[in-house]
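Values in this document were obtained by computation on a predicted structure and should not be read as measured data. All values below were derived from every heavy atom in this structure, side-chain atoms included, with hydrogens, water molecules and symmetry-related copies excluded. Counting begins at 1 with the first residue of the sequence.
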Amino acid sequence: MFSRARTSRSGEASALERLAALEAENASLRAQLVEAEAAADRDTLTSALNRRGFMRELHRTMSIVERYKRPAAVLYLDLDGFKAINDRYGHAAGDAVLRGVARRLADHVRESDIVGRLGGDEFGVILNEVTPEEAARKVEALAIVIDSGAFAFQEITHRVRGSIGLHIMRSVEDPEVALARADEAMYAEKHARRIMAQAFEAF
């Protein structure tokens, strides 16, 4: 009788230990899954959000705009002169510039704002709860940050300029459309820069 009771308690303890081990293993697997999902939304080169992660945040921002009627803005940044760096100094130098640009953007926006690398030398920024005037001032500030900065690689400094397009999100619209409008504004800015440069050279 005593032997059977002791055996029963031993079996219960063993079962509890196995259950605890399974729960610990499940918790570890869940943590790994969360980490893997987070990594899937990050650009491996710059650590900024990749396009997938950026679009997820743009969808979230659009929901806030719809619910609280507070404007937000999306910026589209393209680097002028980046291809020349890649062609002349190699992709390692270009990668250093991209990392530097991502850091500089992150350092000059609020914690509530979002920076993402959309692909190649193109970046996106989401400015949450900003007025059109505040967004325009931020565009000017970021352009100065990119244009005036030098990015070093192997004791050589490289400079690029940033063409930035701005789109204010005041009402509900498709996030892809909002980003496309910012992209269009960026190309208009780039074209205006070229016209000014040509006029200056002609003068």
Just to verify, what does Ser47 make a side-chain contact (heavy atoms from CB on, under 4.5 Å) with, not counting sequence neighbours?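 Result, side-chain contact (heavy atoms from CB on, under 4.5 Å) vs Ser47: none returned.
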Applying side-chain contact (heavy atoms from CB on, under 4.5 Å), name anything that partners Asn86, two or more places apart in sequence or on another chain.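 Residues passing side-chain contact (heavy atoms from CB on, under 4.5 Å) with Asn86: Phe82, His91.
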Tell me the closest heavy-atom pair linking Leu98 and Asp121, and the distance in Å.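 Where Leu98 meets Asp121 most closely, the heavy atoms are CD2-CA, 3.9 Å.
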Please report the shortest heavy-atom distance between Ala73 and Ala135, naming the atom on each side.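 The pair with the smallest heavy-atom distance is CB-CB, 3.9 Å.
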Going only through I, L, V, M, F, W and Y residues with side-chain contacts under 4.5 Å, is there a path from [X] to [Y]?
X      : Y      : answer
Phe54  : Val101 : no
Val109 : Ile168 : yes
Met62  : Val177 : no

Enumerate the residue pairs fulfilling side chain to side chain donor-acceptor pair (under 3.5 Å) with a member in [range], sequence neighbours excluded, ordered by first and then second residue.
range            : answer
residues 96-112  : Arg110-Asp113
residues 136-157 : Asp147-Arg193
residues 69-85   : Arg70-Glu129, Tyr76-Glu122, Asp78-Lys190, Asp80-Ser163, Asp80-Lys190, Lys83-Asp87

Side chain to side chain, [X] and [Y], heavy atoms closer than 4.5 Å:
X      : Y      : result
Ile144 : Leu142 : no
Leu77  : Met186 : no
Val125 : Ile114 : no
Pro175 : Met55  : yes
Val74  : Leu127 : no

I need the Leu75 CG to Leu166 CG distance, nearest 0.5 Å.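 CG of Leu166 is found 6.0 Å from CG of Leu75.
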Distance, nearest 0.5 Å, that separates CD1 of Ile85 from CG of Leu79: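 That separation rounds to 8.5 Å.
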Can any side-chain N or O of Asn50 pair as donor or acceptor with the backbone N or O of Ala40 at less than 3.5 Å?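 Checked: pair present.
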Run the side-chain contact (heavy atoms from CB on, under 4.5 Å) test on Arg117 and Leu45 for me, step by step, so that the C-alpha distance in whole Å, both residues' side-chain angles and the decisive distance to 0.1 Å come before the verdict. CA-CA 9 Å; Arg117 182 185 175 205; Leu45 176 64; 3.6 Å; yes
Which residue pairs pass the ring-ring contact (aromatic ring centres under 6.0 Å, His included) test with at least one member in residues 120-159, sequence neighbours excluded?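 Sorted result for residues 120-159: Tyr89-His158.
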The test is side-chain contact (heavy atoms from CB on, under 4.5 Å); show your working for Met169 and Thr61 and say whether it passes. CA-CA 9 Å; Met169 298 179 288; Thr61 297; 3.8 Å; yes
Output all residues satisfying salt bridge (charged side-chain N to carboxylate O under 4.0 Å, His left out) with Arg181, sequence neighbours left out; order by chain, then residue number.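 Checked Arg181 against salt bridge (charged side-chain N to carboxylate O under 4.0 Å, His left out); matches are Glu173.
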Mind checking side chain to side chain donor-acceptor pair (under 3.5 Å) for Arg60 and listing every partner two or more places apart, or none if nothing turns up?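 With sequence neighbours excluded, Arg60 shows a side chain to side chain donor-acceptor pair (under 3.5 Å) to Glu57, given in chain and number order.
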Rest of the hydrophobic cluster containing Tyr68 (Ile/Leu/Val/Met/Phe/Trp/Tyr, side-chain heavy atoms under 4.5 Å)?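 So far as hydrophobic clustering goes, Tyr68 is joined with Ile64.
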Passing option when Leu179 is tested against Asp174, Leu58, Ile126 for side chain to side chain contact (heavy atoms under 4.5 Å, CB included):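 That would be Leu58; it is the only one of Asp174, Leu58, Ile126 passing the side chain to side chain contact (heavy atoms under 4.5 Å, CB included) with Leu179.
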